[in-house]
Amino acid sequence: MVKLTEQEIVRRENLQKILDLGINPYPAYLYNVNSTAKEIKDNYKEGSEDYDDISLAGRLMMKRVMGKASFAELQDSTGKIQIYVNRDIICPEENKDLYNKVFKKLLDIGDFIGVKGHVFTTKVGETSIHVSELTLLSKSLKPLPIVKTDAEGNIHDAFTDPELRYRQRYVDLVVNPEVREIFKKRTKLYSSMRQFFDDAGYLEVETPILQAIPGGAAAKPFITHHNSLDIPMYLRIANELYLKRLIVGGFDGVYEFSKNFRNEGMDRTHNPEFTAMEIYVAYKDYNWMMEFTEKLLEHCAMAVNGTTQATFGEHEIDFKAPYKRVTMRQAIIDFTGFDIEGKNEAEIRTAAKGMGIEVDEKMGKGKLIDEIFGEKCEGNYIDPTFIIDYPKEMSPLCKVHRKNNELTERFELMVCGKEIANAYSELNDPIDQKERFEEQLRLSEKGDEEAGQFIDYDFLRALEYGMPPTSGLGIGMDRLIMFLTNNESIQEVLFFPQMKPEN
RNA sequence: GACUCGGUAGCUCAGCCGGUAGAGCAACGGCCUUUUAAGCCGUGGGUCCUGGGUUCAAAUCCCAGCCGGGUCACCA
């Protein structure tokens with residue numbers, strides 16, 4: 001049994017005193033509410049009678065008791081509003097217990113209460129609720145952090161300890177309104193994206209999270225075991241191969257917001273479970289997908305922030321379409337002066353060494369090019385920029401470029417030097433796909449940890465039935481919302497980021 | 001995984017040239033019928049992350065560990 005703190009003991013005593021007064025601290029009845037703090041503050045005009053009979057519910061967040069009258073703050077899901085509680089108004093009879101005992105002594109900050117009354121403006125000009133009826137809706141037994149904001153808007157004693165904020169997100173959400181805004185924007189991003197896809201006529205689908213073969217990416221999976229089948233199973237690392245099966249099945253466009261799981265390191269931009277949105281559209285190619293992507297992101301940025309512009313750390317970025325398109329070859333020329341066109345593996349390795357990049361003999365041509373791009377180019381793209389035409393060996397699920405068989409029809413979208421989207425003209429040649437999987441398996445067996453370790457033969461069978469030409473796009477939803485809310489840590493945009501267990 | 005910074009009251013923090021703990025808010029008692037970081041008077045509250053060590057004496061110095069932040073490494 002954990003020892004209670006002084007304040008927790010006091011609150012439990014208050015709870016008992018409330019019970020002794022015959023008041024249920026956790027009533028079952030619904031409490032009818034007919035307005036919100038925000039609605040009243042936005043719309044109430046002094047003298048108006050429109051808000052003469054309002055009913056609100058929320059948490060008591062501050063009490064300023066002045067003898068027989070008090071001010072307090074009530075916080076509902078929309079914000080805070082001041083309430084005015086007068087002894088003789090809420091206790092018109094002889095018995096003043098509701099004011100003197102319950103309100104003044106036994107109600108604590110954090111308690112849920114319901115109030116009925118009328119709206120008025122105080123001497124100092126603050127829109128407030130003149131309370132005529134006060135009901136305890138739920139008692140709080142632990143003290144919340146007290147965060148105060150002064151007249152200049154400065155926040156005092158902000159609840160900032162990241163460990164406490166992430167472990168007790170519920171507390172963070174109660175006391176830090178800007179945190180609630182981040183998550184509202186996150187939801188707005190999802191709904192605006194969903195709307196964009198639905199308007200285009202594409203189908204939102206659900207595919208297996210628990211998979212026998214973790215395909216569609218190369219990453220270490222979380223492994224579990226199915227008891228009655230007695231087989232190992234994996235939490236998905238991607239949903240790509242399932243969405244393509246649905247394109248084989250005849251849908252024109254399918255998309256899914258996919259919780260993926262990767263058993264790898266954690267840092268400011270990686271959480272073991274994260275969300276990717278993937279969409280596949282039949283009869284399209286990656287050029288079409290680039291236009292679709294920039295229109296999508298422009299639409300989402302507007303929906304989330306009301307503007308296509310966004311601030312991220314020291315950078316100002318603009319999601320307004322169209323975005324620049326730069327081939328990987330040109331990007332490398334731009335930032336190193338080196339042209340990879342027509343060069344063999346040894347020449348590229350030498351050039352990379354000359355740029356001060358660590359290389360080893362195991363790196364193939366594609367990997368070397370990717371290293372050069374990652375080291376010298378990637379970080380320079382601040383405004384959204386499509387990097388196109390990636391080397392073939394890095395992209396086992398992507399169609400070979402129509403004009404150059406060493407490249408693939410692939411693009412990544414870079415923002416502030418980070419990748420937020422990845423798209424292909426999808427490989428739909430089953431024979432080529434089988435060979436690429438087998439090549440990945442060989443690389444994996446040779447010790448390349450980035451290569452796929454499984455061949456999904458059912459997926460190959462699906463391709464053998466025929467998949468139309470298709471373009472697919474994946475967007476890192478967590479990264480995108482980080483950009484749209486100016487948060488450099490993924491933990492700030494996940495309600496419950498992964499933490500080591502307490503104790 | 002490496003390096004680095006941090007862990008003191010419910011919260012935000014000070015104390016860290018070793019002498020056994022402080023502030024503001026919160027809490028408790030009192031006053032106050034339009035306050036708003038309300039105010040005034042008074043009071044209580046701490047395994048100083050854990051475990052070792054040095055010392056007459058450790059929140060403070062040393063070692064190990066735990067938890068968190070940051071940087072780097074890793075990352076389709």
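In the text below, chain A, chain B and the rest are named by the order of the sequence lines, each starting its count at 1.
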- Message: Between C63(B) and A73(B), how far apart are the two C1' atoms, rounded to whole Å?
- Response: 27 Å

- Per Val65(A) side chain, nearest of listed nucleotides G30(B), C32(B), G10(B): C32(B)

- Checking N1-N3 plus N6-O4 or O6-N4 for Watson-Crick, or N1-O2 and O6-N3 for wobble, each under 3.5 Å, the partner of A59(B) is none

- Query: Can you tell me how far P in C61(B) sits from the matching atom in G19(B), rounded to whole Å?
  - Reply: 11 Å

- Task: Take atom CZ of Arg268(A) and atom C1' of C72(B), then tell me their distance rounded to the nearest Å.
- Result: 12 Å

- Which whole number of Å gives the distance between the P atom of U36(B) and that of U47(B)? 36 Å

- Task: Would you kindly give the CD-to-P distance between Glu264(A) and C74(B), to the nearest whole Å?
- Result: 13 Å

- Taking for each residue the nucleotide of RNA chain B bearing the nearest heavy atom, is the 5' side occupied by Met62(A) or by Phe71(A)? Phe71(A)

- Note on the structure: Side-chain atoms of Lys148(A) come closest, of A76(B), U35(B), A26(B), to A26(B)

- Atom-to-atom span, CD1 of Ile146(A) to P of A9(B) - whole angstrom: 16 Å

- Item | C62(B) and A21(B), which share atom name P, separated by this distance in whole Å | 22 Å

- State whether the distance check finds a donor on one side and an acceptor on the other, under 3.5 Å, for side chain Gln82(A) versus base U35(B). yes

- Message: Just the rounded figure in Å: distance from C1' of A76(B) to CG of Asn260(A).
- Response: 12 Å

Strictly under 3.5 Å: I want the nitrogen or oxygen pairs between protein and nucleotides 64-68 of chain B, one per line.
from   : atom 1 : to        : atom 2 : distance (Å)
C67(B) : OP1    : Lys500(A) : NZ     : 3.3
C67(B) : OP2    : Lys500(A) : NZ     : 3.0
C67(B) : O3'    : Arg167(A) : NH2    : 3.0
C67(B) : O2'    : Glu163(A) : OE1    : 3.1
C67(B) : O2'    : Glu163(A) : OE2    : 2.1
C67(B) : O2'    : Arg167(A) : NH2    : 3.3
G68(B) : OP1    : Lys500(A) : N      : 2.9
G68(B) : O4'    : Glu163(A) : OE1    : 2.9

- Compute whether any side-chain donor of one residue and acceptor of the other, for Thr5(A) and Glu8(A), lie under 3.5 angstrom apart. yes

- Now, which nucleotide makes the Watson-Crick or G-U wobble pair with A2(B), with each of the two distances under 3.5 Å? U71(B)

Please table the atom pairs, donor to acceptor, closer than 3.5 Å between any side-chain atom in residues 100-108 of chain A and protein atoms at least two apart or in another chain.
from      : atom 1 : to        : atom 2 : distance (Å)
Asp108(A) : OD2    : Asn14(A)  : ND2    : 3.2
Asp108(A) : OD2    : Lys139(A) : NZ     : 2.7

- Message: If I pick the P atom on C16(B) and the same atom on C56(B), what distance separates them, to the nearest angstrom?
- Response: 24 Å

- Between Pro396(A) and Leu164(A), whichever has its closest RNA chain B nucleotide further toward 5' is Leu164(A)

- Query: Could you state the CG-C1' distance from Leu74(A) to U35(B), rounded to the nearest angstrom?
  - Reply: 17 Å

- In whole angstroms, the gap separating P of U34(B) from NE2 of His118(A) amounts to 15 Å

- Task: Check whether any side-chain heavy atom of Val171(A) sits under 4.5 Å from a side-chain heavy atom of Arg165(A), and report yes or no.
- Result: no

- Item | From U35(B), A27(B), C25(B), nucleotide with atom closest to Ile109(A) side chain | A27(B)

- Query: Looking only at heavy atoms, what is the nearest atom pair of Tyr280(A) and Lys244(A), with distance?
  - Reply: CE2-CE, 3.7 Å

- Please report, rounded to the nearest Å, how far the C1' atom of C25(B) is from the CG atom of Asn154(A). 16 Å

- Item | Value in whole Å for how far the P atom of A76(B) lies from CD1 of Ile420(A) | 18 Å

- Do Arg410(A) and Tyr390(A) meet the cation-pi criteria used here (NZ or CZ under 6.0 Å from the six-membered ring centre, within 45° of the axis)? yes

- Query: Looking at the side chain of Arg87(A), which of G70(B), U33(B), U35(B) is the nearest nucleotide?
  - Reply: U33(B)

- Could you work out which one of U36(B), C32(B), A37(B) sits closest to the side chain of Lys68(A)? C32(B)

- Task: In whole angstrom, give me the gap between the P atoms of C48(B) and U8(B).
- Result: 11 Å

- Contact state string [nucleotides 44-51 of chain B, B base, S sugar-phosphate only, - no protein heavy atom under 4.0 Å]: BS------

- Message: Closest approach to the side chain of Lys123(A), judged atom by atom: which nucleotide of U12(B), U34(B), A76(B) is it?
- Response: U34(B)

- Closest to the side chain of Thr5(A), out of C74(B), C11(B), G10(B), is G10(B)

